[in-house]
Amino acid sequence: MAGNGRQTKKAIVFVADGTEEMEATITIDVLRRAGIQVLVLAVETTSGAVTCSRDVKIVPDAYLGDDSTKIGAFDAVVVPGGAQGAATLSQNDQVKSILADFHAQNKIVAAICAGSLAIKTAGIQSKVPQPLRLTSHPSVRDQLENDFVYKEDRVVVDANLVTSRGPGTTFEFALSLVSLLVGEDKAREVAGPMMLNFHI
């Protein structure tokens with residue numbers, strides 16, 4: 001899962017129409033600052049840009065279903081929120097399969113805001129013996145709290161599952177992913193120049 005090896009770590013960030021743009025772009029940016037190779041992968045869009053929840057357009061690197069995308073070569077997968085985008089991602093059969101496979105392989109599975117609904121629809125909880133701890137945006141808590149150990153922390157890390165709450169927690173979320181993928185020292189190095197109001 002985590003490590004400080006020389007091989008470049010790689011992460012997928014899913015996007016769809018209605019994705020919360022701060023959660024997607026801040027995560028993409030922070031991971032890339034840490035030297036992590038990020039693939040922005042569009043779901044249920046086959047060409048052009050996706051239109052995010054506040055009408056920001058993101059041109060993805062690839063589209064889910066492209067034969068050239070070798071999903072198994074990645075170390076982490078990220079599901080942003082945004083009500084419409086999270087609904088699309090959490091109901092897509094390919095996304096659900098990828099999330100379940102990554103979790104089973106001890107690769108990092110991460111979700112923020114309403115994106116945490118995808119953890120439920122992927123059936124990850126049913127495949128592990130202990131209740132998983134997670135968090136989400138408060139607006140979807142009632143859809144998660146009966147199936148998981150629900151927490152109100154800004155970021156919750158349960159082994160290789162990482163979840164967070166919303167746009168305002170995205171820097172902490174992304175830096176947690178950096179720590180897990182390439183180490184805390186790199187997370188501190190990346191965080192310093194960004195003038196954040198918290199310490200790693």
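Since this is a predicted model, take the numbers as computed values, not measurements. Start at 1 with the first residue, then count along the sequence.
The shortest side-chain heavy-atom distance between I108 and F102 does not fall under the 4.5 Å cut-off. Contact check for V109 versus V162: no side-chain heavy atoms found under the 4.5 Å cut-off. Side-chain atoms of L144 and L117, non-hydrogen and from C-beta on, do get closer than 4.5 Å to each other. At a threshold of 4.5 Å between non-hydrogen side-chain atoms, the residues K57 and E21 do not count as touching.
Considering all non-hydrogen atoms of both residues, G82 and C113 come closest at N-SG, 4.4 Å. The two residues K10 and A73 have their closest heavy-atom pair at CE-O, 3.3 Å. Contact detail for G48 and P60: the closest heavy-atom pair is O-CD, 3.3 Å.
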Worksheet item: Which is it for V77 and K107 under the side-chain contact (heavy atoms from CB on, under 4.5 Å) test, yes or no, and what are the steps along the way?
Response: CA-CA 8 Å; V77 62; K107 295 181 176 184; over 6 Å; no

Discussion item. Let's go through T27 and I112 carefully: what are the C-alpha distance in whole Å and the side-chain angles of both, what is the deciding distance for side-chain contact (heavy atoms from CB on, under 4.5 Å) to 0.1 Å, and is it a yes or a no?
Written reply: CA-CA 10 Å; T27 302; I112 185 168; 5.5 Å; no

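A salt bridge does not link R32 with D29: none of the charged nitrogens is closer than 4.0 Å to a carboxylate oxygen. The residues K120 and D147 are annotated as salt-bridged, a charged nitrogen and a carboxylate oxygen being separated by less than 4.0 angstrom. Taking 4.0 Å as the cut-off between side-chain N and carboxylate O, R165 and E152 count as a salt-bridged pair.
Counting only N and O atoms by type, the side chains of K96 and T121 include no donor and acceptor under 3.5 Å apart. Between the side chains of S136 and Y150, at least one donor-acceptor pair of N or O atoms lies under 3.5 Å. No donor-acceptor contact under 3.5 angstrom links the side chains of E172 and S164, judged on distance only. Between D17 and Q84, the side chains place no donor N or O within less than 3.5 Å of an acceptor N or O (distance only, hydrogens not considered).
Put simply, L89 and V59 are part of two different groups of oily side chains (I, L, V, M, F, W, Y) that touch within less than 4.5 Å, one to the next.
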